[in-house]
Amino acid sequence: MKILFATSEAVPFCKTGGLADVAGSLPQALAKAGNDVEVILPLYQRVADNWKDKMSFVCSIEVPLGWRRVYCGLFRLEQEGVTWYFVDNEYYFKRDSLYGHYDDGERFGFFSRATVALLNALEFMPEVIHCNDWQTALIPIYLKDECVRWSEIRGIKTVFTVHNIEYQGRYGKETLEDLFGLAPGWFTDGTIAMDGDVNLLKGALMTCDAITAVSPTYAQELRYAYFAHGMESVIRINGGKVYGVLNGLDMAAYDPAADKRIEANYSLKPKKGIETMEKGKAVNKQHLQETMNLDVNPDVPVIGIISRLVSHKGLDLVCQVFDEILGLNCQFVVLGSGDWNYEQFFEAKLGQYQGRMALYRGYNEALAMKIYAGADLLLMPSKSEPCGLAQMIAMRYGTVPIVRETGGLKDTVHPYEAWCGAGNGFTFADYSSHDMLYVIRQAVDLFYNNAPAFRKLQEAGMSEDFSWPRRAEEYNNIYQKICS
Ligand code: ADP
């Protein structure tokens, strides 16, 4: 199939969050599966010069945006079977950050409008345009608006992926015509209207051909107010076109057998020059304990947290029973930054648990990898988690996850069942600190008293296939379904 993937960020060009990882991996996996794939994204100042040097200029056009006619350049780059297109407008994109500007609505309105206007300039006319989050939410609407006059684009289908429903692109009613150049009918018929405002996300959910959420459980959860940030009724009335597809993991970038960022490489299957899982993890654990000033002791379980320290990551549960957790004879490592109250809480506990607790406030990828490789358990008690990456990375490195059953955590971590040894981690359902404590206790107990069963959990995690080709197949099925 011919697919155009529209995104506001993508690895390796520019990244602020998980969307960039998806946009960096899924197009390649789709191309490897035999599709023709193009990606379109803004040409930010932040895109490194070495990439810019490799791009070639395709064309420039004028994009109509309300009463304005705006310059739009198009650059092109070939990379691993995928054609990357970059939309150039220095007024909108030559800024020091990707988002957070007073005119973000206008900037991404321009990008969406330009994507449709440029369809003739691309290598092929796509059968499907795959849009992501509110920044590309206007594309399905502009397509419908334009196709009245432009028959060639009339058959194009659209997929819209919700990575995080919290961000919706909400603007005053007056922006509809003035900023986005849309006729009042889009608002008066309710397509793009929500609570008296223009809501770009709603417009996309109403007009696209398929909605995907980044995990099957998140797709279900979005039907409820607790998770949907006001969008639950819109998801429900469009329920027949909602799908859940888990994000994949770049299995080559996160490979304990080859990762240069960790102290010792290891694998489940015997490999020449590479440690076994037990030996490799033991070396990494000792290195982690030394690096973080923890007591060096192979026999004590190390529990890690690698997370933004924000409320929806469930950290209030951890704070509520922190002393009980440390009372279980374990070590605890926290890597993260975020809300002041959580940072202060962990900081204050350091003195109380010298040698048993460690904290690094900030973002540190090298340390994150040391924790993934050296810890025994990774705690992720999230209130909500659209997909979650950390639990997948942990499993890949033989670190057993302890998670709350929400979103992608529920879809990737299967609870340990003592009677048959099934599972790849520990889970709890209710948002309750004592339910969390119960499974942490179970995990620590298993570590101390049943090493073969604990090892089996590690092996189960390391054997999971989180690869992108699997996910690409699921997206392919959705593309085919909406095009048939
Ligand atoms: P979210 O995207 O909501 O932050 P995910 O679990 O999907 O949560 O992805 C978080 C990613 O960011 C993981 O790869 C994790 O290792 C990484 N990460 C989070 N906090 C830090 C940190 N302080 N330092 C290094 N890496 C971090």
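Start at 1 and go down the list; that is how both ligands and their atoms are numbered. We number each residue from 1, following the sequence as shown.
- Two rings, from F108 and Y99, have their centers less than 6.0 Å apart.
- Contact between G18 and ligand 1 is absent, with no heavy atom of the residue lying under 4.0 Å from the ligand.
- Heavy-atom contacts of A368 reach the following atoms of ligand 1: 25 (C), 26 (N) (cutoff under 4.0 Å).
- Atom 22 (C) of ligand 1 has as its closest protein heavy atom Y363 CD1, 3.5 Å.
- The shortest heavy-atom distance from Q391 to ligand 1 is not under 4.0 Å.
- Only the backbone of S307 comes within 4.0 Å of ligand 1, counting heavy atoms alone; no side-chain atom from C-beta on gets that close.
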Between L294 and V333, is the side-chain contact (heavy atoms from CB on, under 4.5 Å) condition met? List the steps.
CA-CA 9 Å; L294 293 165; V333 189; 3.8 Å; yes

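- In this pair, F5 and H130 present their aromatic rings tilted. The plane angle is within the 30 to 60° band.
- For atom 14 (O) of ligand 1, the closest heavy atom belonging to the protein is I393 CD1, 3.4 Å.
- For ligand 1, the atoms lying closer than 4.0 Å to a non-hydrogen atom of I306 are 16 (O), 18 (N), 21 (C), 27 (C).
- Inclusion of A390 in the set of residues having an N or O under 3.5 Å from an N or O of ligand 1 is warranted.
- One option in R308, K313, H312 has a heavy atom closer to atom 8 (O) of ligand 1 than any other, and that option is K313.
- A salt bridge links K313 with E385: the closest approach of a Lys/Arg side-chain nitrogen to an acidic carboxylate oxygen falls below 4.0 angstrom.
- Taking both residues in full, the closest heavy atoms of L201 and Y167 are given as CD2-O, 4.4 Å, listed atom of the first, atom of the second, then distance.
- Listed by atom number, the atoms of ligand 1 under 4.0 Å from G336 heavy atoms are 23 (N).
- The side-chain tip of R236 points at the ring of Y224 from less than 6.0 angstrom away and within 45° of straight on.
- Using modelled atom types, no side-chain atom of R356 and backbone atom of Q331 make a donor-acceptor pair closer than 3.5 Å.
- Inclusion of Y372 in the set of residues having an N or O under 3.5 Å from an N or O of ligand 1 is warranted.
- A centroid separation of 6.0 Å or more is found between the aromatic rings of Y254 and Y372.
- Side-chain atoms of S25 and D250 include no donor-acceptor pair closer than 3.5 Å.
- At a threshold of 4.0 Å, the pair R396-D259 does not count as salt-bridged, since none of the basic side-chain nitrogens sits closer than that to a carboxylate oxygen.
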Evaluate side-chain contact (heavy atoms from CB on, under 4.5 Å) for N35 paired with Y479, printing each intermediate quantity in order.
CA-CA 11 Å; N35 298 293; Y479 300 150; 5.5 Å; no

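- In terms of N/O distances under 3.5 Å, ligand 1 is not approached by S337.
- Between G362 and ligand 1, at least one pair of N/O atoms sits closer than 3.5 Å.
- Looking from atom 5 (P) of ligand 1 to the surrounding protein, the closest heavy atom is L389 N, 3.5 Å.
- Here the closest heavy-atom approach between residue C14 and residue A20 is recorded as O-CB, 3.6 Å.
- G17 does not count as a contact of ligand 1, since none of its heavy atoms falls under 4.0 Å from the ligand.
- Listed by number with element, the atoms of ligand 1 under 4.0 Å from a non-hydrogen atom of M380 are 6 (O).
- The nearest protein heavy atom to atom 25 (C) of ligand 1 is closer than 4.0 Å.
- Ligand 1 has an N or O atom lying under 3.5 Å from an N or O atom of N364, backbone or side chain.
- Residue L367 does not touch ligand 1, judged by heavy-atom distances below 4.0 Å.
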